[in-house]
Amino acid sequence: MAGQNQRLNVVRTVTMLRVMKARLVGARRGHALLKKKSDALTVQFRQILKKIVSTKESMGEIMKTSSFSLTEAKHVAGDNIEHIVLTNVQNASLKVRSRQGNVAGVKLPKFEYFTDGETKNDLTGLARGGQQVQQCRAAYVKAIEVLVELASLQTSFLTLDEAIKTTNRRVNALENVVKPGLKNTISYIKGELDELEREDFFRLKKIQGYKIREIERQLAAAKHYSKKFAEKISLQKGISVGSAHNLLAAATEKDEEI
C-alpha cells in the first residue's frame, strides 16, 4: 500500500504520541462514517437505476400512444388543428418546478410538473374531432409526466454517481494513506521513546557504577591512610600496630559521639 512506508515528520515526545493517537481515533471514526455514507448512497443509486430502467421501458409505450393520438386527431379534426391549438395558447398551462431531497447529506434535485392556470383549448375541435383532441392532450400530459420523472431520476443518478466517487476516494485515502501513516508515526514515536528510555537506563547504570567505584576507591584510600597513620603512631609511642589501631578506633568513636 502507499501509506505503509509513510509517516509524519513530528517531534518524538509523549505529548505528540497522545496527539497522534487522538488523530488515529478520529480517522477511524471518519472512515467508518464515510463507509456507511457510501453504502447508503450505493443503495439509493441502485434504486434510482431500477426506476430509470422501468421508466424508460414505459416511456416508449407512452410516446407511441401519444404520437398515435396526434395522428388520430389530425385525421379527424384536419391538418390545421396544430395551427389552431398554437394560436389559442398564450402561456404554458403545465410547468415544471424543482426541489431538493437529502440522502446521507447529499442534496438531490427533483423535478415535478404542475398545472398553472386554466386550459383555453377546451372548445378546440368543437366542430369535429373534439374528443380525439382531448385524448391527444391527455396522452401528451402523461408523456410530459413521464419525461419530467425521467429527468428527475437521471439528474439524481448523475449527482449520486459523482457523490459516490468522491466519498469512495475519501474512504480509500483514509484507509490506505491517512490511517497507515498515523500508525507508522505512532510506531516510530514509540520506538524512539523506548530507545531514549534505554539510553537513560544505561546512563544511570554507568553513573551508579562510577559512584560505587569512587566510594570503593575512597574507602581503600582511607584504609591505606589509616594503616600508615597507625604505623606512625606505633613508632612514636613505642606500641604495637594493633594497639595503635585500637587508639584510632576509640578516638573515632569519641568524635562521632561528640
Looking at side-chain heavy atoms only, is the closest gap between V106 and Q44 below 4.5 Å? no
Could you check whether any side-chain heavy atom of L8 comes within less than 4.5 Å of a side-chain heavy atom of M16, counting everything from C-beta outward? no
I need the single residue from N168, I164, T159 that forms a side chain to side chain contact (heavy atoms under 4.5 Å, CB included) with L41. Which is it? I164
Does the side chain of K211 come within less than 4.5 Å of Q208's, by heavy atoms? no
Is there a side-chain contact between I189 and E192 in this structure, where contact means two heavy atoms from C-beta onward sitting under 4.5 Å apart? no
Distance check, rounded to the nearest 0.5 Å: L17 atom CG versus S187 atom OG? 9.5 Å
K190 side, atom NZ; K21 side, atom NZ - distance, nearest 0.5 Å: 4.5 Å
Minimal heavy-atom distance between F111 and S152, with the atoms involved, is N-OG, 3.3 Å
Here the pair of heavy atoms bringing M20 nearest to T185 is SD-CG2, 3.7 Å
Working to the nearest 0.5 angstrom, can you tell me the gap between T167 OG1 and N172 CG? 11.0 Å
What one should report as the nearest heavy-atom pair of A27 and L182 is CB-CD1, 4.1 Å
Side-chain donor or acceptor of N184 paired with backbone N/O of P180 under 3.5 Å: yes
Hydrophobic cluster membership, L108 vs L150, 4.5 Å side-chain cutoff: yes
Taking atom CD of E197 as the centre, report whether more than 12 heavy atoms of other residues, nucleotides or ligands fall under 6.0 Å from it. no
Is there a path of hydrophobic side-chain contacts, each under 4.5 Å between heavy atoms of I/L/V/M/F/W/Y residues, joining L147 to I62? yes
Looking at D200 and R203, is any side-chain nitrogen of the basic one under 4.0 Å from a carboxylate oxygen of the acidic one? yes
Kindly work out whether a path of hydrophobic side-chain contacts (I/L/V/M/F/W/Y, heavy atoms less than 4.5 Å apart) joins V103 to V43. no
Taking a hydrophobic cluster as the set of Ile, Leu, Val, Met, Phe, Trp and Tyr residues connected by side-chain heavy atoms closer than 4.5 Å, whether directly or through intermediates, do V178 and V10 fall within one such cluster? yes
What are the two closest non-hydrogen atoms of V171 and L34, and how far apart are they? CG2-CB, 3.6 Å
Within one Ile-Leu-Val-Met-Phe-Trp-Tyr cluster: L160 and L49, side-chain cutoff 4.5 Å: yes
Straight-line distance of T55 OG1 to L153 CG, nearest 0.5 Å: 5.0 Å
Does M59 reach the side chain of E149, with side-chain heavy atoms less than 4.5 Å apart? no
To the nearest 0.5 Å, what is the distance between OH on Y188 and CG on L193? 9.5 Å
If you measure from OG1 on T65 to NZ on K142, what distance do you get to the nearest 0.5 Å? 11.0 Å
Residues R213, E216: salt bridge by 4.0 Å N-O rule: no
Apply the test salt bridge (charged side-chain N to carboxylate O under 4.0 Å, His left out) to residues R198 and E195: give CA-CA distance (whole Å), side-chain angles for both, the deciding distance (0.1 Å), then the verdict. CA-CA 5 Å; R198 286 192 293 270; E195 185 66 25; 2.6 Å; yes
